[in-house]
Amino acid sequence: MTSPKRVGRIEFGLFSPKEIRKMSVRKIIWADTYDDDGFPYPQGLMDLNLGVIDPGLRCKTCDQKAADCPGHFGHIELAKPVIHVGYTRLIRKLLRVTCRSCSRLLMTAEEVEKVVGPEDSELAGDIVSEKDIKKERVCPHCGEQQLKINFEKPTTFSEVFVEDGRKTEHKLTPADIRARLEKIPDDDLRVMGVNPDVARPEWTILTVLPVPPVTMRPSIILENGQRSEDDLTHKLVDIIRINQRFKENQDAGAPQLIIEDLWELLQYHVTTYLDNEVAGCPPARHRSGRPLKTLSQRLKGKEGRFRGSLSGKRVNFSARTVISPDPNLSIGEVGIPLAIANEMTLPIRVTQFNLEEMRQYVLNGPERPTTRSPCGANYAIRPDNRRMRLSDANLETVAEMIEPGWTVERQLKDADIVLFNRQPSLHRMSIMAHRVIVMDGKTFRLNPAVCPPYNADFDGDEMNLHIPQTEEARAEAEILVSVQANILSPRTGGPIIGGIHDHISGIFLLTHRIRHFSKEETLYLTQHLPLDHLPEPDKIDAAGNPFWTNKQVFSLILPEDLNMLFHASSCQNCETCRREMCENDAFVQIVDGNLITGTIDKKGIGAFDGQILHRIIRQHGMKQAAQFIDDVTKLSIRGIMLEGFSFGIDDEDLTRNEYGQIDEALKGAIGDVERRIKIFNEGQLEPMPGRTLEETLEMQIMQVLGKARDRTGEIAGRHLGMDNSAVVMAVSGARGSMLNLTQMAGCLGQQSVRGERIMRGYEDRTLPHFRRNERGAEAHGFIASSYKSGLSPTEFFFHAIGGREGLVDTAVRTSQSGYLQRRMINALQDLKVAYDGTVRTTGGRIIQFCYGEDGTDPGKSSYGAPVDVKGIVESVLKEEVK
Amino acid sequence: MDEEEVADLLATYHISLEQLPKVYHDDPAVRAIGGDVGNVIRITRDSRTAGRAEAYRLVMKRPKK
Ligand SMILES: [Mg+2]
Ligand SMILES: [Zn+2]
Ligand SMILES: [Zn+2]
Ligand SMILES: [Zn+2]
C-alpha cells in the first residue's frame, strides 16, 4: 500500500527580474484603465493581453473567451529599485553579516566551520546568524571597518557613523543596498541558509514589478453603470502614476530633495500594494476611508484564502436557527420549524416502485400549509439533468411527466435523518444525526439530555442542520453518527448523554427514602412511560386502596436483569459505610431490576457519570440505553412536577440564632488574625521551614479565614435541610455546591488574586479606606458579608478584583486551547486505524503498531478497560465486590 | 533486529522499510545500543493500556538543515 506519487522536495525561491519580464505578456505604462467607450487602453492596467473579464471580448494572448482565459501577467518597469517589505528581515540580516565594502561574510573560514560544522560531517550544523558576528568588527577579508546598521520599520535602512563622538545616520537607498547584496558570493550565502540558485538576495529589491492578470482583480459595474475597480487595481494605478512622475522629474533634472521624496512615495505605494498592514506604515485607504485589501490581506487570517476559502467552505442543504428545549422529544429526535422543512429537500430517484408516491409529492407542491400535511416537493430533475422549479402553475404538468429516471427533490418530513451541529465542533459528538419531527414555531427543538455533548444551553444558542443527500450518507449518518451511537464518549469510555439539572433533582426527589403513592399519583408519574401494566402494589390500606412505593415506580424503567451496587452522589463517604442502613439513603442497591435501597442522582443517571446508564449500555446495547434516557428524563420531570421545585430569596434566610453564631465565628477569626499580626509585629512569629516571616503570616491568615468561611457554611447548612431546593440540587449533584450556598447565606470569604490575598492597589494599601501597611483581614479582601446580606463598598471592590481574574483566566484559556485544538486537528486529521489495527497516514506510513497499544476503541470500552470485569461479577453474584 | 526479522516485520504489516516510524542515528538511545543507519530497532515499553507494547523504528541519518 503505497501512494502513487511522492513529493520529493519543495523549492522556495524568488522571482528574478529576468523571470518577471519573461513571464510578462505586456509592459504596462499607463495608469488608465478604460477609455470613454469602455474599451481597455492598450498598455493600460486592463490591457487585453492580461486576460479578459468582459463577456464577448477575446484575450489577445491566448485568443480565448472570458470563461476560458486563465489570465496572464504583465509588468511595470520601476524607475528606481524599491524594497520588498516581505524581506526586510532577511535584508537586515544580510547587511549586518556582510562587509560594507567587499560584501563577503564577516567571518573567517574557521569561524564559519565552527557554526556550520565540517563540510561532510554526519551531524547537521546550524546556519550563520547575526549573533555569530561581533558588533562593528573589521572585515577579515579586506580590512574595512564595519558600521552599525539601523533598521527602521517599515523599510528604512541606515548606517551609523561615529565622528568625534557624535553619531550621524546616513540613509542607505534601495539602490545602495541592492549593489551590496549583488556582490555577496554564492558560497557565503549557502552558509547563511540562502540558496543562491533560486533566490539571489538582490532579488528582494524590486526593479520590475509583476502586474497580476485582470482575472484576479476584476472590475465590477455598479447599478448606476459606473465601473468600480478592484483594490489591487487602485494600488497599481498609484504605483504607475508615481513611477511616471518620478521619471519626468528625473529627466527634467529635478533637485535631489524632490527625487528622494518621490522615491520614498514610490516605496510607500509598493509596500502597501504588497501588505497594507505593515507596522509603522499608515495603511492606504479607499476614498471612503476604508483601508484597501491588498495582496497580503487576501491571504492572511481567518477570512484569507487559506483558512477562509481553502480549508473552510460554505455548503448548501443546511439551515441555522436558535435552539430551544422540548423534553417530550426523544434524545434521537430534533424538532424542525415548518418553514425550514419546506425549504430543504432531499433528492429521491423515481423508480417504477415509487412512481405514484413521487407523483403525489409533486402534486402537493412546494407549499405545505401545516406540520400535519403531507410533504411536497420543490424541484423535479429531468433525466437530462435539467432542473424544474415546481410552482402552482406547473404541478399537474410535471406530475404527468415524471417517470423512472427522473429525480424529485422532496421536502423534509418526519423521520428523515439529518446532521445536527453546534460550534465550536470540538469533538465528534458536536455533530450527531437526529430524526426529524416537523414542528410549529421558529426554533430547532431538542431534548435537554443531549445538551452536554453539544455543550448547548438555551440562552440564545444557535445550531446548524445539514441534510445528507445520498443513500450512503444517510446510512453512514444512521450507523456511525446517530445520537444513540454516541452516548458513550470516546474520551472517557463513559456516558456523555444523560440527565441534567432538573432530571437529577427530579429523580432524586422521586427516589429519596421511601414514599407511597396512590394509584392516581402512580399513574400521573408513569403516564408517559411505555408500560402495559403496574406491578403488584406494595401495600393496600384499610379502605382497600392500593399504594406503590417510589422505588417501585423507578424500577419500572429498569431492565429486569439489572444488578448493581454503588454509592450515590449524596454519599457522605462515612468512614464505615452503613450500607442499607445509610442515613442519607445513599447506598444504591438494585437487584433483578428492582431498586431496593438508595437514591438515584447524578451518579446514577447524570450526563457524565451515569452508572446505571453505563451498565445498561454494556448489557443491553445502545438502543435500550437511549430508551432508558428517554424514560428516566420523562419520569424525573413528572417526579419534580409532583410537588414543584423553586428557590427564592427567603430560602437563604437563617434564624437569629444562626446569624449570631456566624457573627461570632467571623469576629473570632478576625480577632485571631489581629493576634497573629501582633505576634508578627513583635517579631515573635516562628517562620515555617522554607518560608519567610511574611509568607508564614500570610499562610496562617489565609488558613484562619478559610476555616472561618467553612464554619459559617456549616452553621448555615445546619439550618438549611432537604426542604431547601438549593440543598437538594447540591446534594443530588444537579447544580451548584454547598460552597455556593455558604456564599449566599453565610459569608463570601477571602477574595484572592493568583492564590494570594489582594495586595495591589494604592501606595502601601489596597484602597484609600484603609491605613497604610495595614495587614488586617478586611484590608486585604476578606468579605464577611453574604450575597444575601449584601456587600459593603470596600467588599464590593475586592469582589470585583477577584471576579475579574476569573474572567481573564477563561478568556485566555479558551483562546489558547482553541489554537491548540486547531494545530492538533491539522496534525491528526488524516490518520486512520487500518483493518490490521495499525494507525497509519494516508501514505501507509505507520504511526502506531496497535491503536492505543491495546487496540481498544475507548468509545466501546468501559472507562478505558476493554472488559468491565467488576460489572459482570456484580451482576452475576448480585453483591458488592472490591 | 536481524535481516530476517526485519523482512518478517515488513511482511506482517505489508509495508516497505520507508513506511516504518523513524529515529535519528544520533538519538541518545540509538547510540547507547549501537544502532546504525538502516537498522531497525525493536522498542519494548511499559504501556498504561496494554501492560507491554512493542514498536519498531528505522534508524535514519539526521538531515542537514
Ligand atoms: Mg449559550
Ligand atoms: Zn488569455
Ligand atoms: Zn570586506
Ligand atoms: Zn455511604
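Throughout, a chain's letter reflects where its sequence line sits, starting with A, and its residues are numbered from 1.
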Engineer: Heavy-atom cut-off 4.5 Å, strictly under: side chain, backbone, both or neither for B/A53 against chain A?
Structural biologist: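 It is the side chain, since no backbone atom gets that close.
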
Engineer: Could you go through the side chain to side chain donor-acceptor pair (under 3.5 Å) check for A/R840 and A/T838 one step at a time?
Structural biologist: CA-CA 6 Å; A/R840 299 188 185 219; A/T838 56; 2.8 Å; yes

Engineer: A side-chain contact here means heavy atoms from C-beta on lying under 4.5 Å apart; do A/E11 and A/R9 qualify?
Structural biologist: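 Contact flag for A/E11/A/R9 side chains = yes.
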
Engineer: How would you list, by chain and number, every residue that makes a ring pair (Phe, Tyr, Trp, His ring centres under 6.0 Å) with A/F849, sequence neighbours excluded?
Structural biologist: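 Ring pair (Phe, Tyr, Trp, His ring centres under 6.0 Å) list for A/F849, sorted by chain: B/Y13, B/Y56.
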
Engineer: Does any backbone or side-chain atom of B/E54 lie under 4.5 Å from a heavy atom of chain A? Answer side chain, backbone, both or neither.
Structural biologist: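 The backbone, not the side chain.
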
Engineer: Is any residue of residues 852-869 of chain A within less than 4.5 Å of chain B by heavy atoms, and which ones?
Structural biologist: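 The residues closer than 4.5 Å to chain B, in numerical order, are A/G852, A/E853, A/D854.
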
Engineer: State the CD-CD1 distance between A/E874 and A/I872, to the nearest 0.5 angstrom.
Structural biologist: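 Those atoms lie 11.0 Å apart.
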
Engineer: Heavy-atom cut-off 4.5 Å, strictly under: side chain, backbone, both or neither for B/R45 against chain A?
Structural biologist: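 Contact with chain A: side chain only.
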
Engineer: Taking the side chain as everything from C-beta on, heavy atoms only, tell me whether A/I487 gets closer than 4.5 Å to A/H614.
Structural biologist: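 A/I487 vs A/H614: side chains apart.
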
Engineer: Are side-chain heavy atoms of A/I184 and A/L181 found at a separation under 4.5 Å?
Structural biologist: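 They are in side-chain contact.
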
Engineer: Would you indicate whether the side-chain heavy atoms of A/T204 and A/L14 approach each other to under 4.5 Å?
Structural biologist: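 SC-SC contact between A/L14 and A/T204 confirmed.
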
